[in-house]
Amino acid sequence: MAGLEPRVEYLESFRCPLGGLAAGPPRVLCHGAALFVSAGSERVSVYEQEGRLLTAVYSFPAQVWHLELSAVPRLLYVLCAQKGIYCLSPDPESRFVNQDDGGDQDSEDGEPPCAVISVDPDACLLPDATLCTFTVVGDKLVTLAQGPAHWKVQLFECPRPGEDARPRGQVGEVELSTSSPLTGPLGEPTAARFLPVLCCVSPAGLSALHSRAQGSGAFLLERTLFGQLFGVDASLLESPVILCGLPDGQLCCVVLKTLVTSKLSPGDPKALVKILHHLEEPVVFIGAVKTESLAEDVGDTHPDCLVALGHDGRVLAIKAGWDEAGTLVPELREYRLPGPVLCAACGGGGRVYHSTTSELCVVDLAQGGVPSGDLGDPPSLLCAAGLGVCSVVTLSVLSEVPEGGVRLLALSTRGRLMTCRLPLSSEVPGPTRAAAASTGQKIKDLLSGIGTVSERVSSLRKTVDQRNKALTCLNEAMNVSCILLSSREGPRPISCTVTTAWSHPQLQDVLMATCRLENSSGLSLDRGWALCVRVLTSASASDSDVASVATTYTIPVDRLGPGDRREVTLPLGPGEDGILHLPLTVSCTLHYSLREVVGGALAPSESSKGPSLDECRPDVLPEQDGICLPLSQHTVDMLWCLRFPGLAAPHTQAPGLLGPLCDPVDTFLGSLLGPRSEPTGPASLRAKFLPPLVATIHVSAELLRAALGNCLSGTSLGCAALQWLLAENAALDVVRARRLSSVQGVAPDGADVHLTVREVAVTDLGAAGPVQTVEIQVESSSLASMCSAHHAVIGRLQRMVVEQAARIPGPPDLRVQCLQQTHSSHETLLREVQTLRDRLCTEDEASPHATAQRLLQVYGQLRSPSLLLV
């Protein structure tokens, strides 16, 4: 980059808004030794290079958007935002202005005191609030206005010297298509972020036209390229062409002489517009450069390449070329520069100077880059050389210096006017083969790195989604836990009820439990929830060394929404020994698996392992691996399991529910012996020859009425008490429908069990007379069945007494002496039971019969006490 260091010289400082100047409105024009500077405000300053001082400051009614100078006559045209175009003579002796006091100038802005001249409103040549830019071509004024839906190009005749400062009338008009809306929701014009670019291009070779067209907004173009771009009509008419660069990226042209005659000729005016290209970004500069090298004796140095720059760095270069058939055609190439491009200017030797937000750069289009081929291919990247000057918002080429360099005129964002002397060198950096290969390898490495980062980002995004879902599930689990733990009394929002029924699979009667999980809350049980049913079998009374056996069933709950229910059926017995050990405890619990829900979110995948994820390992989960929420606990005893074959009609009885557990061989032999044959076996002999075993319980009628409450409506106390005892039995509906107070059922071991409930009066306990009681009698020929049923009744009565203890006012008046006698007799019987059991443990096997018979008699007396539950 040696030989490209510029020598910067600061000329003047102009005041600028807070934050600096923005690209677009600032303009700098050179006319001889005078510089016309607009720093983005409503003022235009005149600076003399020879004296290095400001000679005048023109103050306009609004912000200045565009400046142009006409050579003959020497006039300054100024476009003000939302006002129109003003025209004035910059000569001091012919100023059409009002001079104010020089004290209006702010000395602290760095500008020396000078006259501030307010432009008279009568100097407005063309008042129009929709004008965005213009250019002057000889005695014609070409404007570009922003319409409701289209851009509009208008042509006016400029006033001649000595005439009134008003255009002599509109000559032509044509609309340009646009791809972006130009009006707001209420129809008002929208404020353009980028101003359009308007310039005039003329064919080289005409001296008269050359002198008229060489203004501040015009340039020449080599005739071959001119004819290829703008057509035969423009070449034959030798007409200047107006180029329009729009903020939406369109680059279009209008032949000036056809626009002049458009009112006189028929046809569609839009046919006068030709779209050359679409940059797909706002056009910020249009110019021309010379890219072909010529021999020393050839004097044609006119530009042969039309250049257009977009704001984001896209460059369009149009040259004359040859196709495969040998026909002369315009050749369009696209390049890419680092953007954004704030301003640009064309110099000699194919150089284009452009400024970005970071640096002023130069690029040589004569060297160019690797051609992009078709226009559909991605544009190649131009290698630009930095000049070490930053923050330039407007730029122009003053002249080529004799030493072989170039002199640039620039205005910085801080409002500083400066000149840059840049020595020309043929060593402007370009893309060499080694650099291109290195760049290609770097691009491959970058793409590989981008792919790796993309995969990691995708993996991390997946991990984050998993953790978000896990957090959502944990939040729902916390809500479910709160509502279950806070509702200890009354109906629970999530409940589990248990019912039992006998089934007959594979010629064997099996007691089945149906667990019904019902969700009455507003929450859902989704992934991770499971229903755990634990069945605990009590130890056998005859074998105290055998411990209780617990079996746990786990059933996943899949999306149990509000109002939904789920049922599951589980076997309760008999066990492997063929005996149903009662009572059974069935516990229902909701279990939430933390490892299932959170474990996958905490385990990083192979592509997402990193220091941040290694800290979150699955071993942070608690040891219990979940949350347990108890729902219900039920004790399945003899009253649950009794079967009542005689209560159902014969045609509705299931084959497996007619009697006790039967051996298929015994059933077959029984059918051969005939219906008159009497059953044989220990159980049948015991039922035929031994008296039944009986247990009796007396309960206060007042206590039962208080406990049963609404169940007594329309039925007797005995019937209601029996229904209460068989509340969990499958035959409850039949017992309630027939209003029975006595039933005979079959126990799981096949023994008959007779339940009787009746009201009796006890005369020897009440101090004020007989006490109304309810007698519950359990009768069976099997000692085990009778004890099991008796135990089930006692358990229900105990729970009832505990529940009603705080509700009933108090026990009735009883005879204390009678209670003491009964209590004393029971203590005597208990001591005798202990003595008899000790004797059975010490006697030999020859003489325990009498002791056992007496022990049974004592147990019978204890099972029929005279005590009363009150």
Side-chain angles (χ1 to χ4, degrees), residues 497-505 507-516 533-542 548-551 553 569-588 632-648 653-662 683 687 693 695 722-736 740 742-757 776-797 799:
T497 58
V498 177
T499 59
T500 59
W502 286 93
S503 181
H504 194 69
L507 301 177
Q508 183 183 13
D509 288 345
V510 178
L511 182 63
M512 306 296 292
T514 301
C515 301
R516 175 179 296 177
V533 181
R534 184 172 183 265
V535 180
L536 179 63
T537 304
S538 60
S540 175
S542 60
S548 301
V549 179
T551 304
Y553 302 91
T569 302
L570 307 171
L572 296 182
E576 297 179 356
D577 56 357
I579 300 174
L580 181 62
H581 298 282
L582 297 176
L584 301 172
T585 302
V586 180
S587 302
C588 301
S632 60
Q633 182 172 323
H634 307 273
T635 302
V636 179
D637 50 26
M638 178 62 73
L639 296 181
W640 287 59
C641 306
L642 286 177
R643 291 174 287 180
F644 302 95
L647 295 183
Q653 295 176 358
L657 303 180
L658 295 178
L661 299 173
C662 300
L693 302 174
L722 184 59
Q723 297 171 17
W724 173 69
L725 291 174
L726 299 177
E728 293 84 6
N729 197 284
L732 174 64
D733 295 335
V734 180
V735 174
R736 181 183 292 113
L740 301 176
S742 177
V743 292
Q744 183 172 353
V746 179
D749 61 354
D752 293 337
V753 178
H754 190 195
L755 291 177
T756 303
V757 182
I776 302 174
Q777 181 177 311
V778 180
E779 182 179 345
S780 178
S781 59
S782 170
L783 178 60
S785 299
M786 189 274 300
C787 292
S788 182
H790 183 237
H791 182 269
V793 174
I794 291 296
R796 283 165 172 73
L797 293 177
R799 291 191 294 270

Test item: Leu639 and Val793 side chains (from C-beta on) under 4.5 Å apart, heavy atoms: yes
How about Arg534: does its CZ atom have over 12 heavy atoms from other parts shown lying under 6.0 Å from it? no
To check you understand the geometry: which heavy-atom pair defines the closest contact between Met786 and Ser780, and what is its length? CB-CB, 3.9 Å
Side chain to side chain contact (heavy atoms under 4.5 Å, CB included) between Leu511 and Trp640, intermediate numbers included: CA-CA 10 Å; Leu511 182 63; Trp640 287 59; over 6 Å; no
Rounded distance [0.5 Å steps], NE2 in His634 versus OG1 in Thr585: 11.0 Å
Between Pro574 and Val510, which heavy-atom pair has the shortest distance, and what is it? CD-CA, 4.3 Å
Set out, in order, the CA-CA distance, both residues' side-chain angles and the distance that settles side chain to side chain contact (heavy atoms under 4.5 Å, CB included) for Leu572 and Val586, then state yes or no. CA-CA 9 Å; Leu572 296 182; Val586 180; 4.3 Å; yes
Heavy-atom pair of closest approach, residues Ser742 and His754: OG-NE2, 2.8 Å
Does Asp749 reach the side chain of Ser785, with side-chain heavy atoms less than 4.5 Å apart? yes
Nearest atoms (heavy-atom pairs only) where Leu740 meets Leu722: O-CD2, 3.4 Å
Would you give the length of the straight line joining atom CG of Leu580 to atom OG of Ser788, rounded to the nearest 0.5 angstrom? 9.0 Å
What do you reckon, is NE2 of His791 surrounded by more than 12 foreign heavy atoms closer than 6.0 Å? no
Just how far is it from atom CG of Leu536 to atom NE2 of His581, taken to the nearest 0.5 Å? 12.5 Å
Nearest non-hydrogen partners of Gln723 and Leu732, listed with the distance: O-CD1, 3.5 Å
Report the C-alpha separation of Leu642 and Val746 in whole Å, then their side-chain angles, then the decisive distance to 0.1 Å, and conclude whether the side chain to side chain contact (heavy atoms under 4.5 Å, CB included) test is met. CA-CA 6 Å; Leu642 286 177; Val746 179; over 6 Å; no
Between Gln744 and Asp752, is a side chain to side chain contact (heavy atoms under 4.5 Å, CB included) present by the stated rule, with each step listed? CA-CA 7 Å; Gln744 183 172 353; Asp752 293 337; 3.5 Å; yes
Distance (rounded to the nearest 0.5 Å) between Ile776 CD1 and Leu755 CG: 9.0 Å
Closest non-hydrogen atom pair between Phe644 and Gly745, with its separation: CD2-CA, 3.5 Å
Counting N and O atoms only, with roles assigned by atom type, does the side chain of Asp637 sit under 3.5 Å from a partner on the main chain of Pro583, one being a donor and the other an acceptor? no
Roughly how far apart are Leu726 CG and Arg796 CZ, rounded to 0.5 Å? 8.0 Å
Without swapping roles, check the side chain of Asp509 against the backbone of Trp502 for a donor-acceptor pair under 3.5 Å. no
